[in-house]
Chemist: 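Pasting a structure here, questions to come.
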Amino acid sequence: MITSRKMKVPFVDLTRQYAALREEIDAALQSVLKGGQFILGENVRLFEEEFSSYCGARFAVGVGSGTEALHLALLACGIGSGDEVITVPNTAVATVAAISLVGACPVFVDVDPRTFTMDPDKIEEKISPRTRAILPVHLYGQAADLGPILSLADRYSLLVIEDACQAHGATYGSKRVGTFGQVGCFSFYPTKNLGAYGDGGMVLTDNLEIAERVRLLCNYGQSDRYHAVAEGLNSRLDELQAAVLRVKLRYLDRWNALRRQWADLYSSLLEGVEVPFLASGREHIFHLYVVKSKARNRLAAYLEEQGVPALVHYPIPVHLQVAYQHLGYREGDFPVSEACAQEVLSLPIFPEMREEEVAYVADLIRKFYQEEI
Ligand SMILES: *Cc1c(COP(=O)(O)O)cnc(C)c1O
């Protein structure tokens, strides 16, 4: 398809989704406002039930954000000072912040060059007597390679805590992510595949003790009013967000299918860039549609000029961030993650995109490469 007309394509447009669901969302919000219960009410309780049953976990606890879901999961597992947690440098900095917040030491392993998720072959050499957990990230909406990660964890008696903040509904084999390790952590940041109208998060687990511990810690450490039995914090999902999320959860599968449809269309139209690799047996839900190009910076600038914002997730791998210099890593330590930071580019993708928008972006990229040669 040749589109000669110039148009602006947003990276994400949340107003299209609200316009489509307006009546349902407004009614849900109104009912919370009229009911006068804003914290720890029915909507949170029901959303916890609905989301855990959607994912296939026994217990769920709504919390304040994805970062806090990870933070509380680590606290509830008793991980802290003197412990090491194995994760990847190619992720949102929040993954690593949660580990250092509990006083544990993040230990990095590089990612697989095709899926950009934790390379299972590089984990074992990083396991030490201090290692307590492996924390894989289901990046861009595709599951990390959980099979070998879980068997290593089993062999060395390590916990697995999944960062599923970008992967609501993604599968590995026959199960949804967030249900493989001892704990699964989700974010409902507005632009995530399941997004609130503010911050929110969820901890999933099949372990009653962990669930109860998270519930305690996220509410001041109080077992009941004014009896503090643990040193806690305040990190709760609120009723207004839960009411919105209950409406949106009913559309999640449809939205994920639309994202996959746009991803397929991109992949069939694009020329010149490396398109996302789909690992077999894993359903990618395309939180982000990420291509790779040696000419990434020039391509991004060209798209921007033509009215198409393209973003980089992530331009600086965590081991090279200023905040983590004290860990002592250097440039060259994780070559795959470092190459990703130079070469990846996220193209606009969201369920309410239009076919002509996808085609327009793909066309621009084809033109860019024709002019390059
Ligand atoms: C969004 C995100 C987080 C943090 O979630 P917040 O709700 O913004 O705190 C953590 N990890 C990954 C991989 C994310 O994409």
Side-chain angles (χ1 to χ4, degrees), residues 1 9-25 28 47 50-57 66 114-117 137-144 146 162-180 184 186-197 200 202 204 244-270 275-291 311 313 346-362:
M1 192 193 301
V9 180
F11 188 76
V12 223
D13 181 356
L14 296 175
T15 67
R16 292 186 197 175
Q17 189 180 83
Y18 175 60
L21 299 186
R22 187 160 161 189
E23 280 181 24
E24 274 182 279
I25 299 267
F47 179 60
E50 290 156 6
F51 191 68
S52 56
S53 99
Y54 171 82
C55 292
R114 290 191 305 179
T115 63
F116 314 137
T117 59
V137 181
H138 306 308
L139 199 71
Y140 305 151
Q142 180 162 242
L146 288 161
E162 300 173 65
D163 182 340
C165 289
Q166 300 189 356
H168 319 69
T171 59
Y172 183 88
S174 56
K175 290 205 310 176
R176 295 198 197 279
V177 302
T179 63
F180 287 85
F186 291 84
S187 164
F188 304 119
Y189 181 83
T191 58
K192 301 285 158 95
N193 288 35
L194 182 60
Y197 290 141
M202 186 77 87
L204 292 187
V244 168
L245 289 164
R246 290 187 65 207
V247 171
K248 290 197 180 188
L249 179 58
R250 300 199 280 272
Y251 295 89
L252 179 60
D253 282 339
R254 233 172 297 173
W255 289 336
N256 283 346
L258 282 165
R259 285 173 181 272
R260 269 197 301 281
Q261 180 187 316
W262 301 136
D264 285 349
L265 183 58
Y266 268 133
S267 294
S268 69
L269 295 174
L270 283 170
V275 301
F277 172 76
L278 297 174
S280 73
R282 302 181 220 177
E283 194 164 68
H284 196 321
I285 49 116
F286 289 98
H287 170 58
L288 293 168
Y289 182 88
V290 179
V291 299
L311 304 178
H313 300 90
S346 307
L347 305 182
I349 193 163
F350 53 101
E352 301 76 16
M353 255 184 119
R354 303 179 188 113
E355 186 169 346
E356 69 260 28
E357 291 175 322
V358 178
Y360 177 70
V361 176

Chemist: Do Phe116 and His313 come close enough that some side-chain heavy atom pair is under 4.5 Å?
Modeler: no

Chemist: Can you name the side-chain hydrogen bond (donor to acceptor under 3.5 Å, both in side chains) partners of Asn193, sequence neighbours left out?
Modeler: Asn256, His287

Chemist: I need the minimum non-hydrogen distance between Leu146 and Val177, along with the two atoms involved.
Modeler: CD1-CG1, 4.4 Å

Chemist: Who passes ring-ring contact (aromatic ring centres under 6.0 Å, His included) against Tyr251, sequence neighbours left out?
Modeler: Trp255

Chemist: Return the CG to CG distance between Asp253 and Leu258, rounded to the nearest 0.5 Å.
Modeler: 11.0 Å

Chemist: Identify the heavy atoms of Glu355 and Leu265 that sit nearest to each other, and give their distance.
Modeler: CG-CD2, 3.8 Å

Chemist: List the residues meeting ring-ring contact (aromatic ring centres under 6.0 Å, His included) with Tyr289, not counting sequence neighbours, and say none if there are none.
Modeler: Tyr266, Phe286

Chemist: Could you tell me whether the side chain of Glu50 and the main chain of Arg246 form a donor-acceptor pair under 3.5 Å?
Modeler: no

Chemist: Please confirm whether the backbone N or O of Gly178 pairs with a side-chain atom of Glu162, one donor and one acceptor, at under 3.5 Å?
Modeler: yes

Chemist: If every non-hydrogen atom of Ile349 is compared with every non-hydrogen atom of Met353, which pair is closest and at what distance?
Modeler: CA-SD, 3.6 Å

Chemist: For the atom pair CG (Leu245) and OH (Tyr197), what is the distance rounded to the nearest 0.5 Å?
Modeler: 9.5 Å

Chemist: At their closest point, which heavy atom of Ser346 faces which heavy atom of Phe11, and how far apart are they?
Modeler: O-CE1, 3.2 Å

Chemist: Considering residues at least two apart in sequence or located in another chain, which fulfil the ring-ring contact (aromatic ring centres under 6.0 Å, His included) criterion with Trp262?
Modeler: none

Chemist: List in chain and number order the residues that pass side-chain contact (heavy atoms from CB on, under 4.5 Å) with Thr171, two or more places apart in sequence or in another chain; answer none if no residue qualifies.
Modeler: Arg176, Glu283

Chemist: Test of understanding: with salt bridge (charged side-chain N to carboxylate O under 4.0 Å, His left out), list the residues that count as partners of Arg259, not counting sequence neighbours.
Modeler: none

Chemist: Who are the salt bridge (charged side-chain N to carboxylate O under 4.0 Å, His left out) partners of Arg22, not counting sequence neighbours?
Modeler: Asp26

Chemist: Measure the spacing between CD of Gln17 and NZ of Lys248 and express it to the nearest 0.5 Å.
Modeler: 4.0 Å

Chemist: Locate the shortest heavy-atom distance separating Pro276 from Val290; write the atom from each residue and the value.
Modeler: CG-O, 3.4 Å

Chemist: Do you know which two heavy atoms are closest between His138 and Gln166, and how far apart they sit?
Modeler: O-CB, 3.8 Å

Chemist: Could you list the residues that satisfy ring-ring contact (aromatic ring centres under 6.0 Å, His included) with Phe51, not counting sequence neighbours?
Modeler: Phe47, Phe186, Phe188

Chemist: Test of understanding: with side-chain contact (heavy atoms from CB on, under 4.5 Å), list the residues that count as partners of Thr191, not counting sequence neighbours.
Modeler: Val12, Leu14, Tyr189

Chemist: Checking Arg16 now: which residues fulfil side-chain contact (heavy atoms from CB on, under 4.5 Å) with it, not counting sequence neighbours?
Modeler: Pro10, Asp13, Phe350, Glu352, Arg354, Glu357

Chemist: How would you list, by chain and number, every residue that makes a side-chain contact (heavy atoms from CB on, under 4.5 Å) with Phe277, sequence neighbours excluded?
Modeler: Arg114, Thr115, Ala279

Chemist: Just how far is it from atom NZ of Lys192 to atom CG of Leu288, taken to the nearest 0.5 Å?
Modeler: 9.0 Å

Chemist: Among all residues two or more places apart in sequence or in another chain, which pass the side-chain hydrogen bond (donor to acceptor under 3.5 Å, both in side chains) test with Thr179?
Modeler: none

Chemist: For the SG atom of Cys55 and the NZ atom of Lys175, what is their distance to the nearest 0.5 Å?
Modeler: 11.0 Å

